[in-house]
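Structure record follows, encoded as C-alpha cells.
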Number of protein chains: 2
Amino acid sequence: MTHPLFHPDAEEISLPAIFTALGDETRLNIIAILARNGERAMTCGQFTELGSKTALSYHVAKLREAGVINVRPDGTKRFLTLRRADLDNRFPGFLDSVIASASTIPLPENQSPAGPAETPGETEWT
Amino acid sequence: MTHPLFHPDAEEISLPAIFTALGDETRLNIIAILARNGERAMTCGQFTELGSKTALSYHVAKLREAGVINVRPDGTKRFLTLRRADLDNRFPGFLDSVIASASTIPLPENQSPAGPAETPGETEWT
DNA sequence: TCCTTTGTTCAATGATCCTTGAACTATTGA
DNA sequence: TCAATAGTTCAAGGATCATTGAACAAAGGA
C-alpha cells in the first residue's frame, strides 16, 4: 500500500454521500449484514453471495469513501466495520433508524443474526 | 391529465429507492424545505432557487415515484407534501432522523424555518 | 377569446454508475 | 522458493442520471 486507505474525517461525512452510498441494493445489504454481526469486523470474503470479487471491491470502496465503513488492512485481508461512533456523532439516530429499517428487508441468503460463529476463531475485533 | 399521477402504495416503498431519491442535493433540499414548512403543502414554484423549471419537474417526479412525497394537482399547480404517515408506518423513525440530520445542513438560500407566510393566502393544507 | 401562469414532455448531451474478465499486487503458509 | 489466498486495478460495456432548451398542455383571469 503506497498510502493508507482514504477515509473521510467524521466532520466531512455528508448526508447526500451517505444516501448515494446506501442507494444500492448490494451496499445496503453489506451494511445490514455488518450491523447484524454486532461489533465484529468482517472481511470482503464474507460477502461473496452479494456479488463478484470485483464488484464487492468496488462497493466496499464506495462505502469507505462515503464514510459509512472503516476498512483496516491486515495481512491479505481487509476488516470492515461500521463507523458507528462517527455517524452517531454527526447524525444522531440516523444509523440506528437505517439499520432498523433495513432489517425489515430480507437478506439474499442465509445470514443468521449474529449467532455463534460456525467457524470458531474466524471472528475478529476492532 | 390522462391518468392521475403514479404514487407507489405505502407497502411498495423501498429503502434503496428512498436512498436513491435522497442521494441528490437538489432533492434532499426539497425534502428539507418541505419538512421545515410543517404540514403545509408547497408548489414547485416555491423551489425555483433550487434549479430550472425543467430540472425541478424531473426531481419532483423522482421523489414522487420513490414514495417520498405526494403530488396533488390543483388547477395549474401541483401541491407537494411529505408522505409522513406512510413513511413513518413503514420505516419508523427514519424520516425524522433524516429531517433532523438534513436540518444541520445549510440550505442554499434564505429559507426561513416556517415563520409567518410573507404572502398571506398562499399557504395550502392537505 | 386571448394571454398568463404553472408545469410537463421530448430529444440531446455529457457525466456517472455498475458489472465483467483479465491481469496484477501483496501476504501467508508449505 | 513456490503456490495459494485476498483483494485491487484496469479497460470496456451498457445503463442510468442530471441538465438544457424548445415545444407543448391545461387551467385561470382579463
Side-chain angles (χ1 to χ4, degrees), chain A residues 1-7 14 16-31 41-66 68-81 108 119 121-124, chain B residues 1-7 14 16-31 41-66 68-81 108 119 121-124:
Chain A
M1 207 76 45
T2 52
H3 37 242
L5 292 172
F6 167 77
H7 290 81
S14 88
I18 293 178
F19 283 133
T20 299
L22 266 37
D24 176 272
E25 204 107 31
T26 300
R27 295 195 289 264
L28 190 55
N29 278 323
I30 291 175
I31 296 308
M42 299 180 73
T43 66
C44 298
Q46 295 181 264
F47 297 95
T48 50
E49 49 200 326
L50 298 182
S52 70
K53 209 165 53 159
T54 309
L56 282 177
S57 183
Y58 170 79
H59 287 303
V60 164
K62 287 275 178 186
L63 289 169
R64 172 175 54 79
E65 289 160 5
V68 181
I69 66 174
N70 187 275
V71 181
R72 176 173 54 83
D74 183 5
T76 66
K77 299 184 178 178
R78 309 281 163 107
F79 287 102
L80 317 182
T81 47
T119 49
E122 230 188 31
T123 58
E124 287 272 335
Chain B
M1 207 75 48
T2 51
H3 36 242
L5 292 173
F6 167 77
H7 290 81
S14 89
I18 293 177
F19 284 133
T20 299
L22 265 37
D24 176 272
E25 204 107 33
T26 301
R27 293 194 290 263
L28 190 54
N29 278 323
I30 291 175
I31 296 307
M42 299 181 72
T43 67
C44 298
Q46 294 180 265
F47 297 96
T48 50
E49 47 201 328
L50 298 182
S52 68
K53 210 166 51 159
T54 310
L56 282 177
S57 182
Y58 170 78
H59 288 302
V60 164
K62 288 275 178 187
L63 289 169
R64 173 175 53 78
E65 289 159 6
V68 181
I69 67 174
N70 186 276
V71 182
R72 177 174 54 83
D74 183 4
T76 66
K77 298 185 179 178
R78 309 280 162 107
F79 287 103
L80 317 183
T81 47
T119 48
E122 232 186 31
T123 57
E124 286 273 335

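Atom set for the values below is all heavy atoms of this structure, side chains included, hydrogens, waters and symmetry mates excluded. Nothing here was measured: the structure is a model prediction, and the numbers come from that model.
The shortest non-hydrogen separation linking Ala21(A) to Ala66(A) is CB-CB, 3.7 Å.
Heavy-atom nearest nucleotides on DNA chain D were determined for Val71(A) and for Gly23(B), and the one closer to the 5' end corresponds to Val71(A). Each of Thr26(A) and Thr76(A) has a nearest nucleotide on DNA chain C; the 5'-most of these lies closest to Thr26(A). Mapped onto DNA chain D by nearest heavy atom, Arg64(A) and Thr20(B) fall at different nucleotides, with Arg64(A) at the one closer to the 5' end. Each of Lys62(A) and Val60(B) lies near DNA chain C, and the nucleotide nearest Val60(B) is the one positioned closer to the 5' end.
For the pair Phe79(A) CZ and dA6(D) P, the interatomic distance rounds to 10 Å; values are reported in whole Å. Leu22(B) places its CG atom 16 Å from the C1' atom of dA18(D), with the value rounded to the nearest Å. Between the CG atom of Asp74(A) and the P atom of dA6(D) there is a distance of 13 Å, rounded to whole Å. Protein atom CG of Asp24(A) is 12 Å distant from nucleotide atom P of dC17(D), rounded to whole Å. When rounded to the nearest whole Å, the span between CD of Glu25(B) and C1' of dT16(C) equals 16 Å. Atom pair Glu65(A):CD and dC18(C):P shows a separation of 12 Å (rounding to whole Å applied). Rounded to an integer number of Å, the gap from Phe47(B) CZ to dT19(D) P is 16 Å. Across the protein-nucleic acid pair, Leu63(B) atom CG and dT8(C) atom P stand 12 Å apart, rounded to whole Å.
The side-chain contact (heavy atoms from CB on, under 4.5 Å) test with Ser52(A) singles out one residue from Leu50(A), Thr54(A), Leu56(A), and that residue is Thr54(A). Exactly one of Leu22(B), Val68(B), Ile69(B), Leu63(B) qualifies for a side-chain contact (heavy atoms from CB on, under 4.5 Å) with Ile30(B). That residue is Leu63(B).
Taken residue by residue, residues 51-59 of chain B places heavy atoms nearer than 4.0 Å to DNA chain C at Lys53(B), Thr54(B), Ser57(B).
Between Leu80(A) and Phe47(A), the closest side-chain pair of non-hydrogen atoms falls below 4.5 Å. Inter-residue side-chain proximity for Thr43(A) and Phe79(A) is flagged as met; some heavy-atom pair is nearer than 4.5 Å.
Phosphate proximity of dA26(D) to Lys77(B): absent, as no side-chain N or O sits under 4.0 Å from OP1 or OP2.
For Arg78(A), taking side-chain heavy atoms from C-beta onward, the closest of the listed nucleotides dG7(C), dC18(C), dT8(D) is dT8(D).
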Apply side-chain contact (heavy atoms from CB on, under 4.5 Å) to the pair Asn70(B) and His7(B), showing each step before the final yes or no. CA-CA 7 Å; Asn70(B) 186 276; His7(B) 290 81; 3.7 Å; yes
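Among pairs with a residue in residues 17-26 of chain A, none fulfils side chain to side chain donor-acceptor pair (under 3.5 Å), at least two apart in sequence or across chains.
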